There are 2 protein chains.
Amino acid sequence: MPEDRTRRPDRGQLGFLEDSASAHVGDVVALLNESPRRRAAEMLADFPVEQAVEVFDKPELKHAAELIQLLPARQAAAVLGEMSPDRATDVLQNLGASERARLLGLLSRNGQAKLRTLLSYPRDTAGGLMTTEFVSVPSTSTVGDTLQHIRKIERASETIYAIYVLDSDSERLLRTASLRRLISGEPKAPILSICPDRDPIVVMPTTDREDVTRLIAKHDLLAIPVVDESGRVLGIVTFDDVIDAMIEEGTEDVHKLGGLDTLDRPYTDIGFFQMIRKRGGWLAVLFMGEMLTASAMQHFEADIAKAVVLTLFIPLIISSGGNSGSQAASLIVRALALQELRLGEWWRVALRELPTGIALGAILGAIGVARIALWQHAGFFDYGEHWVLVALTVGVSLVGVVAFGSLAGAILPFALKALRFDPASASAPFVATLVDVSGIVIYFSIALLILGGKLL
Amino acid sequence: MPEDRTRRPDRGQLGFLEDSASAHVGDVVALLNESPRRRAAEMLADFPVEQAVEVFDKPELKHAAELIQLLPARQAAAVLGEMSPDRATDVLQNLGASERARLLGLLSRNGQAKLRTLLSYPRDTAGGLMTTEFVSVPSTSTVGDTLQHIRKIERASETIYAIYVLDSDSERLLRTASLRRLISGEPKAPILSICPDRDPIVVMPTTDREDVTRLIAKHDLLAIPVVDESGRVLGIVTFDDVIDAMIEEGTEDVHKLGGLDTLDRPYTDIGFFQMIRKRGGWLAVLFMGEMLTASAMQHFEADIAKAVVLTLFIPLIISSGGNSGSQAASLIVRALALQELRLGEWWRVALRELPTGIALGAILGAIGVARIALWQHAGFFDYGEHWVLVALTVGVSLVGVVAFGSLAGAILPFALKALRFDPASASAPFVATLVDVSGIVIYFSIALLILGGKLL
């Protein structure tokens, strides 16, 4: 390679990259992620195709869509054609329609057709995760034939550890063989003799990726075949794609539970206005909901004016309801995600949360009453002549508000799921908003009952 | 097998289990999980050892510790001795010290030593996740030797897809070979000739399991070797253990973000009193923190009595601060978990959150002012002669409270991490409690500034 003086200052980096056949691809990707985009594209254009493919195959590569656009057409076509089809689909999905068409046009007719099919499946389904590169052999093969076949296609296939045995007539999936059994098998033995005698675990292209994850985890699979209605294999989802999907889903859940739209890029990569959009929308919706607290308080304004002492405990009481509600919601969100609970079991949960909420409310109520009594006796604050009744109001309200909060927090995820929303949208802020309004009504209603004719 | 009349009613189930060599282990586990414990133990006692081992090897098996105690000593010893050591360790960890000692006593001296070492590592480290069953060959081997060795130990090893090549003198880990390259290699070629020419990616037994996950995901590994300080392999962590650990960690995060101690068993398996304990503790702590709101309000009691109209907006204003804080906290918790942000970058985040919070607060402030003006003009409610100043107070307070909330929510996870707590403990309820107290102080301070001499 001729010395290029303009690149001199980068020597350290370049030295590392020129040697990158012996560097871990993951580390090359990390370095490219830190480089300016145009610079990264230049480096990728200089890579041998095989290595550029390895880099683009990593989902950790940032701005892959923009980078592939910046590559010379020949390199772009070679990379897209040879990278794993599931990853190529991900990259193309992040491009505008015209750019996508331009890049697809660079490919062979066969390559185009394959990618167009994959592009037609939603990203969060088995079809969207699958790759079309897998090892299959007809059921008439022997162990030796199969090994021979695998040796030939070893470098082109994403995984060779699971081998799909197809009915030699209908091409339907019959059995799964593992490479480990294959290498200890007798070469002349029929392939079916080394397959476990059971139907393979399969998914449909429309299966939700959460269900794919659950099956891979439950059965410790390296890959799971995706079949069409007649049982023919369309592709496979491999364990590493599932791990990547789990990380993405973890981010989605945490963001949703925090009460905002999921950010699909790292915090530090999001621009100011995009950040405002992602957070401002939900914040404004929650704000409008929370405005009902002002309406509720207006309703009790005359009572507040008579008994200002009651206002002191409003934040304490309504936040306790929100807190217990957010605990319950997070328990149920997770139990629904792990399928520990089914939609129809909401009433079982409600029957559990009511006594739990009452007990938790009683604990907080006791602390609250003790606090008021202590402050009154120690002379820290004077809650007036009816302080015992004020303390009672606070205690009873806490039982009511915490019980209501637990119940509302537990039922909300079921309701969201029934309405086909993600239960994880039952975020702490959402639950708190719901419980705050009712908390105020519960508190003042109990106050009217206990203090009516005395303070009110 | 002699017909056993007492079992007749179970025939459907038993029929399935007797045929369970051809059933998926995952499904057998699901069935055992649904059976009463004593019944499940009886079934397991009747299983051939090999199949019982397969069942106990699944982390999805519930009450595995109790079931192994219920097995006859001979079956228990056989299962413990043959199941994968990492899983055996998990099971033993859930037993009391005396029961654990009794079961370990049933094993060979060698088996005991192996399990005792594994038991010494914390569960959330690479040492706690690893298995000691892996394939290694000396660096002087040929491809053919290696294949021969693998064929011999195939059934005893958890994975044979990664092969560790050790220096033939020092036994230090030199290179990693993959089975896929091995089977296409020339039998006479030295094993080192088919290994990628780079140092293997390794972890220490004390490496946190989150870092293990990150490495497996980044490099798409089937397994990662765990080495001691001199570079000798102690064991390996396989991808399926990582998937299980990720599911467990997802549960932990969601529970912590909801403001409660993690439940390590499904929602439906937790007893009433355990549930109260797991939730009541945090709820009481948050309640004590929230009591400061009452103290803050007491401080402003005279002002409240003069301007009751101000109290109407307290829940609205403080909850908006809590909501924006919980958004910021969830963003930062996730970014820290994915190592998109480092501890030292807190000031960068603070510099970002301040303008973001001011902008978000301004949006909510504008909505709030519009709401008050609308209600006043439409005659829904009379906020008094100074309603314009009241609206201004609410608007300005929202800017201050939301900006403070965003800042506090973003910095809290950093602070927790610096203090060696889990950043995910920066739950929405925790952030809200923190922000509520300051929100009241901000609101009334701004009110005194704007309304001083008029209403106050």
Side-chain angles (χ1 to χ4, degrees), chain A residues 22 26 151 154 160-161 180 184 197-198 217-220 239-240 243 246 250-251 254-255 257-260 266-267 275-276 279-280 283 286-287 290 293-294 297-298 304-305 308 311-313 315-316 318-320 323-324 326-327 330-331 334-335 340 356 359-360 363-364 367 381 428-429 436, chain B residues 22 26 60 151 154 160-161 180 184 197-198 217-220 239-240 243 246 250-251 254-255 257-260 266-267 275-276 279-280 283 286-287 290 293-294 297-298 304-305 308 311-313 315-316 318-320 323-324 326-327 330-331 334-335 340 356 359-360 363-364 381 428-429 436:
Chain A
S22 73
R151 288 205 183 96
E154 186 253 311
I160 58 164
Y161 297 131
R180 57 191 296 171
S184 23
D197 184 26
R198 55 193 171 215
K218 183 175 169 191
H219 298 286
D220 290 345
F239 80 93
D240 50 309
I243 289 184
M246 285 176 81
T251 303
V254 169
H255 287 175
L257 285 171
L260 74 160
Y267 175 82
M275 185 70 91
I276 298 289
R279 289 158 70 169
L283 220 49
L286 292 168
F287 186 76
E290 192 74 25
T293 59
M297 302 257 306
Q298 284 164 19
I304 296 174
V308 168
T311 62
L312 307 181
F313 303 105
L316 182 62
I318 63 177
S319 76
S320 297
N323 290 346
S324 70
S326 108
Q327 288 188 339
S330 76
L331 282 172
R334 193 63 188 166
E340 292 167 5
T356 307
L360 291 170
I363 294 172
L364 298 193
I367 302 177
F381 195 81
D436 280 356
Chain B
S22 73
E60 290 82 7
R151 289 207 182 94
E154 186 253 311
I160 57 163
Y161 297 131
R180 57 192 294 173
S184 21
D197 184 25
R198 55 193 171 215
K218 182 175 170 190
H219 299 285
D220 290 346
F239 81 92
D240 50 310
I243 288 182
M246 284 176 81
T251 304
V254 169
H255 287 174
L257 286 170
L260 74 160
Y267 176 83
M275 185 69 93
I276 299 290
R279 287 159 70 168
L283 220 48
L286 292 169
F287 186 77
E290 193 75 24
T293 58
M297 303 253 309
Q298 282 165 20
I304 295 173
V308 168
T311 61
L312 306 181
F313 303 104
L316 183 61
I318 64 178
S319 76
S320 297
N323 289 347
S324 71
S326 110
Q327 288 188 338
S330 76
L331 281 173
R334 192 63 187 166
E340 292 168 3
T356 306
L360 291 171
I363 295 171
L364 299 193
F381 195 80
D436 281 356

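Note that the structure is a prediction, hence the values are computed from the model and not measured. Numbered from 1 within each chain, the chains take letters A, B, ... in sequence-line order. When reading the values below, keep in mind they use all heavy atoms of this one structure, side chains included, and skip hydrogens, waters and symmetry mates.
For F313(B), the part sitting under 4.5 Å from any heavy atom of chain A is the side chain, from C-beta outward, and nothing else. Contacts between L316(B) and chain A at a heavy-atom distance below 4.5 Å involve backbone atoms as well as side-chain atoms. Of the atoms belonging to Q298(B), heavy atoms from both backbone and side chain fall under 4.5 Å from chain A. For F287(B), the parts lying near chain A are the backbone and the side chain together; criterion is any non-hydrogen pair under 4.5 Å. For D436(B), the part lying near chain A is the side chain, with the backbone staying farther off; criterion is any non-hydrogen pair under 4.5 Å. Contacts between I363(A) and chain B at a heavy-atom distance below 4.5 Å involve the side chain alone, from C-beta outward.
Counting heavy atoms from C-beta outward, L283(A) and S324(B) have side chains that approach closer than 4.5 Å.
A donor-acceptor pair under 3.5 Å is formed between the side chain of S326(B) and the backbone N or O of G258(A).
Scanning all heavy atoms of the two residues, the minimum distance from S330(A) to L260(B) falls at OG-CD2, 3.4 Å. Taking both residues in full, the closest heavy atoms of Q327(A) and G259(B) are given as NE2-O, 2.6 Å, listed atom of the first, atom of the second, then distance.
Counting heavy-atom pairs closer than 4.5 Å to chain B, the top residue among Y161(A), Y267(A), F381(A) is Y161(A). Ranked by heavy-atom pairs shorter than 4.5 Å toward chain A, the options V308(B), L331(B), D240(B), T293(B) are led by L331(B). Between chain B and the options M246(A), R151(A), M297(A), R334(A), the largest number of non-hydrogen pairs under 4.5 Å is found for R334(A). If you tally non-hydrogen atom pairs under 4.5 Å between each of A335(A), G280(A), A294(A), A428(A) and chain B, the highest count goes to A294(A). Counting heavy-atom pairs closer than 4.5 Å to chain A, the top residue among S320(B), P315(B), G26(B) is P315(B). When T356(B), L286(B), L257(B), I318(B) are compared by the number of non-hydrogen pairs under 4.5 Å with chain A, T356(B) comes out ahead.
Rounding to the nearest 0.5 Å gives a distance of 10.5 Å between OG1 of T311(B) and CG of L312(A). We find the CG-CZ distance between L360(B) and R279(A) to be 5.5 Å, quoted to the nearest 0.5 Å. The distance from atom CD1 of I243(B) to atom CD1 of I243(A), rounded to the nearest 0.5 Å, is 4.5 Å. The NZ atom of K218(A) sits 8.0 Å away from the CD atom of E60(B) when rounded to the nearest 0.5 Å. Note that CD1 of I160(B) and CZ of R180(A) are 5.0 Å apart. Values are rounded to the nearest 0.5 Å. Here the CG atom belonging to L364(A) is positioned 11.0 Å from the CD atom belonging to E290(B), to the nearest 0.5 angstrom.
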